[in-house]
Amino acid sequence: DYREEEARQLLVACRLNEAACCLRCDEWAAAAAACDAAVSRLSDPLGAEAEANVKALFRRAKARSRSSDFGAARRDLREAARLAPTNREVRELWSELRQAEERREAGGKALLAKMGA
C-alpha cells in the first residue's frame, strides 16, 4: 500500500533526523539507537534506499567513534564506504577514527610505561 510505504519512508527520515540531533547534543547512545531504528526500517538498503543507509551508517559510526567503540564504528564506515566510495564525510570520519585509535593506543602505552617505571 502506498500510504504504508510513505509512512515508512517518513519514519526513516525522522529517525535519521533524530540521530543528527542526538549527535549535536553529544548523546552518542541515543544517536546510535536512532540509526539502528532507521536501518531496521529500510526496505532496500543496498538499492533505492542506499543513500539513507549511508547516512544511517555514517551517523552511527560517528556516535560509536565518539563513545570509543572503534571496532563497531570501523565496520559501519567500511559498509558506508562500500556503498558510497566517493563520500567525503565518510572518508573524513575514517581519518578521524584512525587518529582517535592512535591516540588511545599511545595513551595506553604511556600508562603502561608509567606503571612499569
Tell me the closest heavy-atom pair linking [X] and [Y], and the distance in Å.
X   : Y   : result
N53 : P45 : ND2-O, 3.1 Å
D44 : A48 : OD2-N, 2.9 Å
E5  : S43 : OE2-OG, 4.4 Å
V12 : A52 : CG1-CB, 4.3 Å
C35 : A19 : SG-CB, 3.5 Å

Are the side chains of [Y] and [X] in contact, using a 4.5 Å heavy-atom criterion?
X   : Y   : answer
R78 : R74 : yes
E27 : E18 : no
F70 : R64 : no

Q) Is E101 salt-bridged to R98, cutoff N-O under 4.0 Å? A)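 Judged by the 4.0 Å cut-off on N to carboxylate O distance, E101 and R98 do not form a salt bridge.
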
Q: Determine, for E79 against R82, whether the closest basic-nitrogen to carboxylate-oxygen distance falls under 4.0 angstrom.
A: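 R82 and E79: salt-bridged.
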
Can you measure from [atom1] ([X]) to [atom2] ([Y]) and round to the nearest 0.5 angstrom?
X   : Y   : atom1 : atom2 : result
K62 : D76 : NZ    : CG    : 14.0 Å
R59 : L23 : CZ    : CG    : 7.5 Å
L16 : C21 : CG    : SG    : 11.0 Å

(Q) For E49, run the side chain to side chain contact (heavy atoms under 4.5 Å, CB included) check against K55, R8, R41 and tell me which one passes. (A) R8

Q: For a side chain to side chain contact (heavy atoms under 4.5 Å, CB included) with L77, tell me which candidate from N87, L57, V90 qualifies.
A: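 That would be V90.
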
Q: Could you verify whether a donor N or O on one side chain and an acceptor N or O on the other, from R104 and S68, lie under 3.5 Å apart?
A: no

Q.
Hydrophobic clusters here meaning ILVMFWY residues chained together by side-chain heavy-atom distances under 4.5 Å, can you tell me if F58 and L97 are in one?
A.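 Yes, F58 connects to L97 through the hydrophobic network.
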
(Q) According to a hydrophobic-cluster definition based on side-chain heavy atoms being under 4.5 Å apart (Ile, Leu, Val, Met, Phe, Trp, Tyr only), do V54 and L42 belong together? (A)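 No, no single cluster joins them.
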
(Q) Given 3.5 Å as the limit, does a donor-acceptor pair link the side chain of R91 with the main chain of T86, or not? (A)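 Yes; at least one donor-acceptor contact below 3.5 Å.
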
